[in-house]
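Okay, so here's the structure we're looking at.
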Amino acid sequence: MTDDRPDPAHDDSPHILSAQGREGDEGADGDAASGGDDDFHAFWADVVADEIEARHPDDPIVIKGGVSPSGVAHLGNFNEIIRGYFVAEVLRERGHEVRQVFTSDDKDPLRKLPRKLANADGEIVGLGEVDAGALGRNLGKPYTSIPDPFGERESYAAHFAALLKADADRLGIPVEMVSNTELYADGAFDDVTRTVLSDLDGVREVLAQYQDKVDDEYVPFNPVCSECGKITETVTAIDLDAETVTYVCTDMDVGDNTIEGCGHEGTATFREGKLPWRLEWPGQWDVLGVDFEPFGKDHAEGSWPSGVDVARNVFGIEPPVPMVYEWFTLNGAPLSSSAGNIVTVPELLELLEPAVLRYFFALHPKKARDLDIERLDQLVDRFDRFERAYFGEVDDEDLTAFAERAYPFVVGRVDDPPTEPPVRLPYTFAAVLGMVDDPALRERLARDEGHIPSDASETVVEAALARVEKARNWAERTANEYDYRLQTDLPETDFDDDVAAALDDLADFVAAGHDGEAIQAEMYETAREHDIEVSEFFSAGYRLFFDDTQGPRLGEFLGELERDYVVARLRREA
RNA sequence: GGGCCGGUAGCUCAGUUAGGGAGAGCGUCCGGCUUUUAACCGGACGGUCGGGGGUUCGAAUCCCUCCCGGCCCGCCA
């Protein structure tokens, strides 16, 4: 065949979760696995699993993700782990042995200084908080050769990889971290590298279809300079028998800047360098035997087609089953660490349960979603509804079908799915409870509102109330309409005489012993008797108890508090 | 400019597998909880399913075309 360009045939489309991708794969596989891929699946991971099974891969099935260690392990990076996880779990449930790996592409050179970094706790810090000068001197070196800016791990790369691994642990996702640098150092890449350098003409012919810079001189191997430690780009000779190359450490163009080479001329083994990305990625597929890999939409039209080509025509392997996922936005804007529009897993886990976060990623990967922190309550509500649907409590056929399949995976209990629905406080109600500190009072309020069944065990109550801390953090973080806090000390006040008199009357009423409902009604009554605006009277109450102008339904709230405290506070005594 | 992927109510999203009733939650508005103050309950309002054309008895769903958004089409990853 003499096609002038690669033919993006349907069966190589990475969009297997789109209508078009599905249409294309029908005839291509011949007969499908016994399950048949004509079956409808409410959960996308089953569609992917069908696709993988149709290739009859050997166990263990290998699922991979990977990123280059930038400065911050943010939630977007987590796509690379958790989307593969759902597929891995589905395959395990179908009886396969699955190995999920994550490659830290840590032999890549640091090309520019990151503006933000994440410390060992996952908190975002500016470049100013670390030794930026030391980082700057390491431009051009592999991430694994750069010291950890926080001085804890053996390298910059190790620091970053540890962050992602910790995130995976927090969400209960077993993933095997693989250092790309180690793959080279251990010789795992030897065969791949030899294959590439043995057939330079063939490799160039393939690559030239995708990269303009590939000419007759181009050598797709980047040795590490033995003198200055930087990744170099100029190979002058190859010795296949000795498995070495000779190189000159020349300057490297990086965007508008240049990283200076040291001019050293030296020799490097195949293990002392790396392949460029377009070869390295399919090389990883070969070395690790990858059967499935999800990737962001930026790879869909760039490296994927070339990767398919390289896999088949350079390494002689079939590429893995691909899956393109859409990027999500954060608070309506693209994720950007330099712009500070970033959120990490630990940050998010202060605001919601792991299951809710897992649910977010269980939604269809092809939809661009917005993670809106201000309206996190909506996400949690959707999760709660999804959960109720699993237990057959929602009149929605489609949602129920999705929930029945996906819920056990979302809560990580495929083998022993819950049989009873957990008690869930509505998220915004949990935020209301967050206005008070006393756990007993929180429980009483929740019971009064009917959110906790009367026969609930202590364990159940505790589990339900755990959400209060999350919602409380959310209210504080967003400074939203639930960000009120019951004042233990008397706030500064400045009331008119008639307001003060009304407060005294209300204090007497409370002291006489009435429930919340009565207090609520009495507030209207008292305001009228003293000829003051109801709103003004409520404002006074909110000032006294929350040091604010607004708050929750006050009368019923006060009815739950310690009577002496309420009376004293209404009298401005304490 | 070309390719790919998206576009359903104010917001967040189901529904497209297999053509047949346009839906949910939230928000808004109105009402209830003995009389404005965010927790609870009920109801209503709200959409040319991005536009247009075609196939069909029938289209959010299939086909064509156009519009809008994102990504890719240098290097890097």
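A, B, ... follow the sequence lines: proteins, then strands. Residue 1 opens every chain.
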Task: Contacts of A/Tyr427 that satisfy ring-ring contact (aromatic ring centres under 6.0 Å, His included) - sequence neighbours left out - done: A/Trp474
Open item on the list: Starting the side chain at C-beta, find the nucleotide from B/rA38, B/rC75, B/rC40 nearest to A/Lys213.
Closed with: B/rC75
- [ ] Return the value, rounded to whole Å, for the distance between atom CG of A/Asp396 and atom P of B/rA22.
- [x] 17 Å
- [ ] Check every atom of B/rA38, B/rA39, B/rU12 against the side chain of A/Gln550 and return the nucleotide holding the closest atom.
- [x] B/rA38
Task: A/Gly273 backbone acceptor or donor facing A/Asn222 side chain under 3.5 Å - done: no
TODO: Considering just the side-chain nitrogens and oxygens of A/Tyr482, establish if one lies under 4.0 Å of OP1 or OP2 belonging to B/rA39.
DONE: no
- [ ] Only counting residues at least two apart or in another chain, list the ones meeting salt bridge (Lys or Arg N to Asp or Glu O under 4.0 Å) with A/Asp384.
- [x] A/Arg467
TODO: Answer yes or no: does a side-chain N or O of A/Gln211 lie under 4.0 Å from OP1 or OP2 of B/rC76?
DONE: yes
Task: Test ring-ring contact (aromatic ring centres under 6.0 Å, His included) applied to A/Phe391 - qualifying residues, sequence neighbours left out - done: A/Tyr407
Open item on the list: Taking A/Tyr184's backbone N and O only, do any of them form a donor-acceptor pair with A/Lys274's side chain (distance below 3.5 Å, no angle check)?
Closed with: no
TODO: Decide yes or no, distance alone: a donor-acceptor N/O pair under 3.5 angstrom between the base of B/rA38 and the side-chain of A/Glu481.
DONE: no
- [ ] Mind checking ring-ring contact (aromatic ring centres under 6.0 Å, His included) for A/Phe429 and listing every partner two or more places apart, or none if nothing turns up?
- [x] A/His451
Task: A/Trp44 ring center within less than 6.0 Å of A/Phe402 ring center - done: no
Below 3.5 Å is the cut-off: list the nitrogen or oxygen pairs between protein and nucleotides 7-11 of chain B, distance only.
| unit_1 | atom_1 | unit_2 | atom_2 | d |
| --- | --- | --- | --- | --- |
| B/rG7 | OP1 | A/Lys367 | NZ | 2.6 |
| B/rC11 | O2' | A/Arg375 | NH1 | 2.7 |

Task: N or O in side chain of A/Arg553 less than 4.0 angstrom from B/rA38 OP1/OP2 - done: yes
TODO: Please confirm whether any donor atom in the side chain of A/Arg369 sits under 3.5 Å from an acceptor in the base of B/rU12, or the reverse.
DONE: no
Open item on the list: As a test of reading the structure: which of B/rA39, B/rC4, B/rA14 is closest to the side chain of A/His364, going by heavy atoms?
Closed with: B/rA14
Open item on the list: Taking only side-chain N and O atoms of A/Lys274, does any of them lie within less than 4.0 angstrom of OP1 or OP2 on B/rC76?
Closed with: no
- [ ] When you get a sec, tell me which of B/rA77, B/rC72, B/rA24 is the closest nucleotide to the side chain of A/His299?
- [x] B/rA77
Open item on the list: Is the ring pair A/Phe78/A/Phe361 parallel, tilted or perpendicular, if the boundaries are 30 and 60 degrees?
Closed with: tilted
Task: By side-chain hydrogen bond (donor to acceptor under 3.5 Å, both in side chains) - contacts of A/Asp437 (at least two apart) - done: A/Arg485
TODO: Specify the separation, in whole Å, of atom CD of A/Glu517 and atom P of B/rU35.
DONE: 9 Å
TODO: Between B/rG19 and B/rU61, how far apart are the C1' atoms? Round to whole Å, please.
DONE: 6 Å
Open item on the list: Please pick, from B/rA77, B/rC40, B/rU35, the nucleotide with the shortest atom-to-atom distance to any side-chain atom of A/Glu525.
Closed with: B/rU35
Open item on the list: Which is more 5' along RNA chain B, the nucleotide nearest A/Phe557 or the one nearest A/Phe360? Just name the residue.
Closed with: A/Phe360
Open item on the list: From CZ of A/Phe383 over to C1' of B/rU12, roughly how many Å is that when rounded to an integer?
Closed with: 17 Å
Task: Selected nucleotide, minimal atom distance to A/His451 side chain, candidates B/rG15, B/rG3, B/rC40 - done: B/rC40
- [ ] From the options B/rU35, B/rC71, B/rC4, select the nucleotide whose nearest atom is closest to the side chain of A/Trp327.
- [x] B/rC71
Enumerate the protein-to-nucleotides 66-69 of chain B contacts in which both atoms are nitrogen or oxygen and the separation is below 3.5 Å.
none

Open item on the list: Quick check for you: among B/rU12, B/rC40, B/rC5, whose closest atom lies nearest to any side-chain atom of A/Glu449?
Closed with: B/rC40
TODO: With heavy atoms under 4.0 Å as the rule, sort A/Ser303 into base, sugar-phosphate or nothing.
DONE: base
Without placing hydrogens or testing angles, list every side-chain donor-acceptor pair under 3.5 Å for residues 544-551 of chain A, not counting sequence neighbours.
| unit_1 | atom_1 | unit_2 | atom_2 | d |
| --- | --- | --- | --- | --- |
| A/Asp547 | OD1 | A/Arg543 | NH1 | 2.8 |

Task: Toward the 5' end of RNA chain B, by each residue's nearest nucleotide, A/Glu536 or A/Ala368 - done: A/Ala368
TODO: Can you tell me the distance, in whole Å, between the CD1 atom of A/Ile259 and the C1' atom of B/rA77?
DONE: 14 Å
TODO: Determine the interatomic distance between C1' on B/rG21 and the same-named atom on B/rC4; round to the nearest Å.
DONE: 35 Å
Open item on the list: Once ring-ring contact (aromatic ring centres under 6.0 Å, His included) is applied, do any residues pair with A/Phe537, and if so which ones, sequence neighbours excluded?
Closed with: none
- [ ] Rounded to whole angstrom, note down the P distance from B/rC41 over to B/rC5.
- [x] 43 Å
TODO: Could you tell me whether the side chain of A/Arg278 has a donor or acceptor atom within less than 3.5 Å of a complementary atom in the base of B/rC76?
DONE: no
Open item on the list: Counting only side-chain nitrogens and oxygens, does A/Ser13 get under 4.0 Å of the OP1 or OP2 atom of B/rC4?
Closed with: no
